[in-house]
Amino acid sequence: MAPPGPAGALPTSAEPLSRSIFRKFLLMLCSLLTSLYVFYCLAERCQTLSGPVVGLSGGGEEAGAPGRGVLAGGPRELAVWPAAAQRKPLLQLQQWRRRRPPAPRANGEEAAWEEESPGLAGGPGGSGAGSSVAEAPQGTLALLLDEGSKQLPQAIIIGVKKGGTRALLEFLRLHPDVRALGSEPHFFDRCYERGLAWYRDLMPRTLDGQITMEKTPSYFVTREAPARISAMSKD
Ligand SMILES: Nc1ncnc2c1ncn2[C@@H]1O[C@H](COP(=O)(O)OS(=O)(=O)O)[C@@H](OP(=O)(O)O)[C@H]1O
């Protein structure tokens, strides 16, 4: 005989049925939540890999091939960049090689700087598929680790004001090989007397092959700006 229900109510035959349905519902809900969590974790992991991924292989130039420099965004994103940019390994292997100062030579000659990790692929004697991605930090990681150096800009968006210069810069800097200053430095119009060293110091660090950019729309209406920019590019 079934035990009496709460408050002395008589047990009904519907109770065990609804309880089992509730249990099933609970089980389904738990599985759904678990799958959502797993999906979320995977999505987050994909996002963290969205920077340039360096694959190491001997002499290959084509992006997207196994073991070569690829954009994690996949071929659809690569398609918007010129073919030359796609062919170029996004991060050159040389940038991962630490340079070490030359050991003084007995005959007093100035020794050439030697590169460590000569076994890495990309040059003579590269180990090709034997090298692992783990040997080389990713681009963003390398920059976080204080790699690279500050350079004067190789490209400047000069204006015009309200001409969509911000949008242009933001689109350009989506490319992993473009590093841009977020703010407007106003060097060639307002801060020229501070000198090129000050200007360079504002710039983000770049690795070999990356382009430094800035935008200041008022350069377009500054009489001195063209000559000053030209003088900088001669240095
Ligand atoms: N594609 C496109 N089409 C039309 N309008 C656009 C586009 N991209 C940017 N914008 C508008 O451009 C304005 C910002 O321009 P700038 O980034 O050059 O501004 S600034 O000079 O640096 O202050 C800003 O307009 P306002 O909001 O009126 O200032 C943007 O909305």
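Each ligand, and each atom within it, is numbered from 1 in the order the structure gives.
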Of all heavy-atom pairs between Gln210 and Gln154, which one has the smallest distance, and what is that distance? O-OE1, 3.7 Å

Donor on one side chain, acceptor on other, Glu214 and Thr212, under 3.5 Å: no

Can you confirm whether Cys191 sits close enough to Tyr199 that some side-chain heavy atom of one is under 4.5 Å from a side-chain heavy atom of the other? no

Assess the residue pair Ser230 and Met232 against the criterion (side-chain contact (heavy atoms from CB on, under 4.5 Å)); give the C-alpha distance rounded to whole Å, side-chain angles, the decisive distance to 0.1 Å, and a yes or no. CA-CA 5 Å; Ser230 168; Met232 173 191 73; over 6 Å; no

For residues 157-166, tabulate all N or O donor-acceptor pairs below 3.5 Å that involve a side-chain atom, not counting sequence neighbours.
{"residue": "Thr165", "atom": "OG1", "partner": "Lys215", "partner atom": "NZ", "Å": "3.1"}
{"residue": "Arg166", "atom": "NH1", "partner": "Glu170", "partner atom": "OE2", "Å": "2.7"}
{"residue": "Arg166", "atom": "NH1", "partner": "Gly182", "partner atom": "O", "Å": "3.0"}
{"residue": "Arg166", "atom": "NH2", "partner": "Gly182", "partner atom": "O", "Å": "2.7"}

Answer yes or no on whether Arg228 is positioned over the face of Tyr192, meaning its NZ or CZ is under 6.0 Å from the six-membered ring centre and within 45° of the axis. yes

Residue shell around ligand 1, heavy atom under 4.0 angstrom: Val160, Lys161, Lys162, Gly163, Gly164, Thr165, Arg166, Ala167, Glu184, Lys215, Pro217

